[in-house]
Novice: 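One structure coming up, written as structure tokens, with questions to follow.
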Amino acid sequence: MAEIRLTNTRTRKLEDFEPIDPSDVRLYLCGPTVYDRAHLGNARPVVVFDVLVRLLRHVYGADHVTYVRNFTDVDDKINATAASRKAAGAAGTLEDLIRERTEETIGWYHADMDALGAARPDHEPRATAYIGQMIAMCEDLIAKGHAYAAEGHVLFSVESYKDYGRLSGRSVEDMIAGARVEVAPYKRNPMDFVLWKPSSDELPGWDSPWGRGRPGWHIECSAMSYELLGPSFDIHGGGNDLMFPHHENEIAQSCCAHPGSGFANVWLHNEMLQVEGRKMSKSLGNFFTVRDLLDQGIPGEVIRMVFLGTHYRKPMDWTEAKREEAEKTLRKWRALTDGAAPGTVSPAVLSALSDDLNTAGAIAELHKLAAAGDAAGLKASAAMIGLLEDAMGGWAETAEVDLSAYADALAAIRAQAMETKDFAAVDAMKKDLVAAGIEVRMSKAGIELKLMPVESINSVLAKSLNRNAADDADEAEFWSDLAERMKANQQASQENQPEMLEALAEKYLK
RNA sequence: GGCGAGUUGGCGGAGUGGUGACGCAGCGGAUUGCAAAUCCGUGUACAGGAGUUCGAUUCUCCUACUCGCCUCCA
């Protein structure tokens, strides 16, 4: 059995993974706050954990892994959206509108993550379904002297937990010196954080011993992981921006509520995602959602492949060049594995994955399998990281169109050209075919025509807009030119390819 | 200011105390009427400095640079 090694943020070391209970390996991933579409960065930990879960199931057995990922459906941004909808005259109570908003966002999230080939977790708890448990946890923490109520709030006392700051390598003193904490008169220590806060009448709230209120941000993960996985479990993770304060606070809450449990053994944090070398942000204009990419016609499998090309602990740069390369590779591999039955998983792939989820190394091994022509091994091994699976391959199939009439016509012209040595007519037809998105292969044996995948005008337009003109004027011009040509039907796009074929038939098949 | 990550050939990106992945691009060749596709071949890369060592890209320290987090954004 492959020994799995993972980098544990808690110890800052690469450690052999030893499950608490090999018959039930338990992991928890901090899921989304469901206020809007998931952006591309949200998808990274999901894909990382999906690979991890596949590996764990492979090693410990499909039924011996429990994967939990929450939906945080209590949040001020959700409230704000619901409030603005109500103000705009939407029907229903505020609670209804909040529910509507979270339901619709969860639906989007599922659709988007499904498209990336990420299997749904075993449990997807919603924070609102665990309010009672959160209140109980707050009461327990107060009883144990780790929290206190003040002005309708319940606050966690960081001074009551000596290891506070250990995960993120900070000390309470340093953080106070940084002075980036909310100062509030009811806090005993400026670093104390909110477990429960009061709600006004316009905000969603639940009755509690401290009045009507709602939970703070961190308590839901502590409450839900306890309910579903117990006081201690194997792996807990998320993006490294969650390390502080979110995970730090979770640890403090959970460890104080359940002394001696240790909470999560291994903390797994993925690095952030960048776009074309820059942080993805709305102000830079390079902010986009998973759905934006899917709508441009970029297959989820391609997005996944790009993600896996970079180790999860390194910043990942999303670039157009990577997208193209990933798509090309997947097409090649899909052609190779088409119709093949999965064989056995390559030990080299397994060994790469076991080494701190070295997906880039695993992909390198897949390249070797492909080069060796081992379709069965490639298919089985790729499935370990969620690639080349039948369910995700639709995008790589090209439409079945009978091109034999075109091939015959070209063959006739070519046969004549062979005699006259004047190939102008052949070249002209070939050029037209290529422009229409048909690949032309001529050999002594004959002529082979193949419909090539072509981009949609929307995708090309998106690319020309995505380019920062100052940085990449040539690129931007290239894509806008291409879009123009597509519109003018001088170049095939998904939308106009049928028309172009029609025109070619008119020209050459009469 | 505090904390952390990183710096590998044209590009992307693994890995290793001593025979320098892998992919893409490039170049050369085969093939082709020319191409495309395919196949074969091809690369004096490890930010800088000091140290440890028989030997370091790989370990330690320092410097430079890049990036992220500390703002309920994964």
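Small disclaimer: the values here were computed from a predicted structure and weren't measured. Quick note: numbers below take in every heavy atom, side chains included, and nothing from hydrogens, waters or symmetry partners. We name chains A, B, ... by the order of the sequence lines, and we start the count at 1 in each one.
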Novice: For atom P, what is the distance between rA50(B) and rG55(B), given to the nearest Å?
Specialist: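 After rounding to an integer number of Å, I get 15 Å for this pair.
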
Novice: Can you find an N or O donor on one side and an acceptor on the other, under 3.5 Å apart, linking the side chain of His311(A) with the base of rA14(B)?
Specialist: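 No, the side chain and the base share no sub-3.5 Å donor-acceptor pair.
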
Novice: Decide, yes or no, whether a salt bridge links Glu301(A) with Arg304(A) under the criterion of side-chain N to carboxylate O below 4.0 Å.
Specialist: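 Here Glu301(A) does not pair with Arg304(A) in a salt bridge, since their nearest N and O are not under 4.0 Å apart.
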
Novice: Checking Lys187(A) side chain against Asp192(A) main chain: does a donor-acceptor pair fall under 3.5 Å?
Specialist: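 At least one qualifying donor-acceptor pair exists.
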
Novice: Does Gly238(A) or Ala424(A) map to a spot on RNA chain B nearer the 5' end, using the closest nucleotide for each?
Specialist: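 Looking at RNA chain B, the more 5' nearest nucleotide goes with Ala424(A).
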
Novice: Starting from C1' on rG68(B), measure out to CG on Leu242(A) and report it in whole angstrom.
Specialist: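 The answer, rounded to whole Å, is 13 Å.
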
Novice: What is the nucleic acid contact for Val426(A), judged by heavy atoms within less than 4.0 Å: base, sugar-phosphate only, or nothing?
Specialist: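 Val426(A): base contact, heavy atoms under 4.0 Å.
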
Novice: What contact category does Thr310(A) fall into here, base, sugar-phosphate, or nothing, at under 4.0 angstrom with non-hydrogen atoms?
Specialist: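 Touches sugar-phosphate only.
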
Novice: Roughly how far apart, to the nearest Å, are rA56(B) and rG51(B) at atom C1'?
Specialist: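 Approximately 12 Å lies between the C1' atom of rA56(B) and that of rG51(B).
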
Novice: Expressed as a whole number of Å, how far does the C1' atom of rU71(B) sit from that of rG1(B)?
Specialist: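 Nearest-Å result for rU71(B) against rG1(B) at atom C1': 16 Å.
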
Novice: Provide the Watson-Crick or G-U wobble partner of rU60(B), both distances under 3.5 Å; none if there is no partner.
Specialist: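 In the structure as shown, rU60(B) has rA50(B) as its Watson-Crick or wobble partner.
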
Novice: What about Tyr28(A) and Tyr67(A), are their ring centers closer than 6.0 Å?
Specialist: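 Distance test on ring centres: not under 6.0 Å, no.
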
Novice: At 4.0 Å (heavy atoms only), tell me whether Phe49(A) reaches a base, stays on the sugar-phosphate, or touches nothing.
Specialist: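 No contact.
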
Novice: Quick one, give me the B/S/- string for nucleotides 23-31 of chain B, reading 5' to 3', where B means a protein heavy atom under 4.0 Å from the base and S means that only happens at the primed atoms, P, OP1 or OP2.
Specialist: BSS------

Novice: Would you mind telling me which residue lines up with the more 5' stretch of RNA chain B, Asn358(A) or Thr33(A), judged by nearest nucleotide?
Specialist: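 It is Asn358(A) whose nearest nucleotide is closer to the 5' end.
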
Novice: Any carboxylate oxygen within less than 4.0 angstrom of a Lys/Arg side-chain nitrogen, looking at Arg291(A) and Asp112(A)?
Specialist: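 Yes, this pair counts.
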
Novice: Would you measure the distance from the P atom in rG20(B) across to the matching atom in rA36(B) and give it in whole Å?
Specialist: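 That atom pair is separated by 32 Å.
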
Novice: Does any nucleotide pair with rC67(B) by Watson-Crick or G-U wobble geometry, both distances under 3.5 Å, and what is it?
Specialist: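 Answer to the pairing question: rG4(B), which forms a Watson-Crick or G-U pair with rC67(B).
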
Novice: What integer number of Å spans the C1' atoms of rG15(B) and rA45(B)?
Specialist: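 These two C1' atoms come out 13 Å apart once rounded.
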
Novice: Taking Arg313(A) first and then Glu271(A), would you say they form a salt bridge - that is, a charged N and a carboxylate O separated by under 4.0 Å?
Specialist: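 Glu271(A) and Arg313(A): not salt-bridged.
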
Novice: Is the distance between the ring centroids of Trp210(A) and His153(A) under 6.0 Å?
Specialist: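 No - the distance between ring centres of His153(A) and Trp210(A) does not fall below the 6.0 Å cut-off.
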
Novice: Is it true that Glu3(A) and Arg5(A) make a salt bridge, defined as a side-chain N closer than 4.0 Å to a carboxylate O?
Specialist: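 Salt bridge flag = no for Arg5(A) with Glu3(A).
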
Novice: Does any nucleotide pair with rC27(B) by Watson-Crick or G-U wobble geometry, both distances under 3.5 Å, and what is it?
Specialist: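 Looking at the geometry, rC27(B) pairs with rG41(B).
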
Novice: Describe the nucleic acid contact of Glu448(A) in one word from base, sugar-phosphate, nothing, applying a heavy-atom distance below 4.0 Å.
Specialist: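 Here Glu448(A) touches no strand at all.
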
Novice: If rG9(B) has a Watson-Crick or G-U wobble mate with both distances under 3.5 Å, name it; if not, just say none.
Specialist: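 With both distances under 3.5 Å required, rG9(B) matches none.
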
Novice: Please report the distance, rounded to the nearest Å, between CG in Leu167(A) and C1' in rC69(B).
Specialist: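 Checked: the CG to C1' distance equals 12 Å.
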
Novice: Please list, chain by chain and in numerical order, all residues satisfying ring pair (Phe, Tyr, Trp, His ring centres under 6.0 Å) with Phe156(A), sequence neighbours excluded.
Specialist: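 Ring pair (Phe, Tyr, Trp, His ring centres under 6.0 Å) list for Phe156(A), sorted by chain: Phe193(A).
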
Novice: Which nucleotide, rA74(B), rA5(B), rC67(B), lies nearest any side-chain atom of Glu271(A)?
Specialist: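 The answer is rA5(B), which lies nearest to the side chain.
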
Novice: Please measure how far the C1' atom in rC24(B) lies from the corresponding atom in rU60(B), and state the result in whole Å.
Specialist: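 Their C1' atoms lie roughly 36 Å apart.
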
Novice: Rounded to whole angstrom, note down the P distance from rC72(B) over to rC59(B).
Specialist: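 Roughly 36 Å separates the two P atoms.
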
Novice: Classify the nucleic acid contact of Gly309(A) as base, sugar-phosphate or nothing, counting any heavy atom under 4.0 Å across all strands shown.
Specialist: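 It contacts sugar-phosphate atoms only.
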
Novice: Any idea which of rA74(B), rG68(B), rA21(B) is nearest the Gln274(A) side chain?
Specialist: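 Selected nucleotide: rG68(B).
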
Novice: Should Lys322(A) be listed as having a side-chain N or O under 4.0 Å from OP1 or OP2 of rC11(B)?
Specialist: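 For rC11(B), OP1/OP2 do not have a side-chain N/O of Lys322(A) under 4.0 Å.
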
Novice: With distance as the sole criterion, do the side chain of Asp427(A) and the base of rG33(B) form a donor-acceptor contact below 3.5 Å?
Specialist: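 Such a pair is found, so the answer is yes.
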
Novice: Heavy atoms under 4.0 Å, any strand shown: does Arg12(A) hit a base, just sugar-phosphate, or nothing?
Specialist: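 Contact class for Arg12(A): sugar-phosphate only.
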
Novice: Among rC72(B), rG13(B), rG15(B), which nucleotide sits nearest the side chain of Ala360(A)?
Specialist: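 Per side-chain heavy atoms of Ala360(A), the pick is rG13(B).
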
Novice: How about Trp217(A) and His246(A): are their ring centroids closer than 6.0 Å?
Specialist: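 Yes.
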
Novice: Which of the following nucleotides, rA14(B), rG33(B), rC72(B), is nearest to the side chain of Asp76(A)?
Specialist: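 Looking only at side-chain atoms, Asp76(A) lies closest to rC72(B).
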
Novice: Using the P atom in both, what is the distance from rC46(B) to rU57(B), to the nearest Å?
Specialist: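 Approximately 8 Å lies between the P atom of rC46(B) and that of rU57(B).
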
Novice: In plain terms, say whether Arg323(A) and Glu320(A) are close enough for a salt bridge, that is, a side-chain N and a carboxylate O under 4.0 Å apart.
Specialist: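 Yes, Arg323(A) and Glu320(A) are salt-bridged.
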
Novice: Take Glu220(A) and Thr72(A) through the side-chain hydrogen bond (donor to acceptor under 3.5 Å, both in side chains) test and state the conclusion after the steps.
Specialist: CA-CA 8 Å; Glu220(A) 89 274 20; Thr72(A) 297; 2.7 Å; yes

Novice: As a test of understanding, state which of Asp73(A), Asp76(A), Asp75(A) forms a salt bridge (charged side-chain N to carboxylate O under 4.0 Å, His left out) with Arg214(A).
Specialist: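 The option that passes is Asp76(A).
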
Novice: If I take atom NZ in residue Lys13(A) and atom P in nucleotide rC59(B), what distance separates them, rounded to the nearest angstrom?
Specialist: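 Roughly 16 Å, once rounded to whole Å.
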
Novice: Rounded to whole Å, how long is the line connecting atom CZ of Arg10(A) with atom C1' of rG4(B)?
Specialist: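 Those two atoms, CZ and C1', are 18 Å apart.
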
Novice: Between rU7(B), rG68(B), rG33(B), which one does the side chain of Met418(A) approach most closely?
Specialist: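 The nucleotide sitting nearest to the side chain is rG33(B).
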
Novice: Nearest whole angstrom, please: distance from the P of rC72(B) to the NE2 of His39(A).
Specialist: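 Those two atoms, NE2 and P, are 15 Å apart.
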
Novice: Salt bridge between Asp427(A) and Lys431(A), side-chain N to carboxylate O under 4.0 Å?
Specialist: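 Lys431(A) and Asp427(A): not salt-bridged.
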
Novice: Rounded to whole Å, please give me the gap between CE in Met191(A) and P in rU71(B).
Specialist: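 Those two atoms, CE and P, are 7 Å apart.
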
Novice: Output the rounded distance in Å from CG (Asp50(A)) to P (rA74(B)).
Specialist: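 So the two atoms are 19 Å apart, to the nearest Å.
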
Novice: Which nucleotide wins on minimum distance to the side chain of Met442(A), given the candidates rA37(B), rC22(B), rC34(B)?
Specialist: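 Closest nucleotide to the Met442(A) side chain: rC34(B).
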
Novice: Side-chain N or O of Ser443(A) less than 4.0 angstrom from OP1 or OP2 on rU32(B)?
Specialist: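 It does not, given that no N or O in the side chain of Ser443(A) lies less than 4.0 Å from OP1 or OP2 of rU32(B).
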
Novice: Using Watson-Crick or G-U wobble geometry with both distances below 3.5 Å, tell me the partner of rA14(B), or none.
Specialist: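 Looking at the geometry, rA14(B) pairs with no nucleotide.
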
Novice: For Leu273(A), which contact category applies under a 4.0 Å heavy-atom criterion: base, sugar-phosphate, or nothing?
Specialist: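 Answer is base: heavy atoms of Leu273(A) come under 4.0 Å of a base.
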
Novice: Please give, in whole Å, the distance from rC34(B) C1' to Leu410(A) CG?
Specialist: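 After rounding, the gap between these two atoms is 13 Å.
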
Novice: When you check the gap from the basic side-chain N to the acidic O, do Lys328(A) and Glu324(A) get nearer than 4.0 Å?
Specialist: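 Glu324(A) and Lys328(A): not salt-bridged.
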
Novice: Looking only at side-chain atoms of Arg441(A), point me to the closest of rA37(B), rC22(B), rG33(B).
Specialist: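 For Arg441(A), the side-chain atoms sit closest to rA37(B).
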
Novice: Suppose we define a pair by two distances each less than 3.5 Å, Watson-Crick or G-U wobble; what does rA21(B) pair with here?
Specialist: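 Base-paired to nothing in any strand shown.
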
Novice: So if I take residues 429-438 of chain A and measure heavy-atom distances to RNA chain B, which residues fall below 4.0 Å?
Specialist: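 Within this stretch, Lys430(A) sit under 4.0 Å of the strand.
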
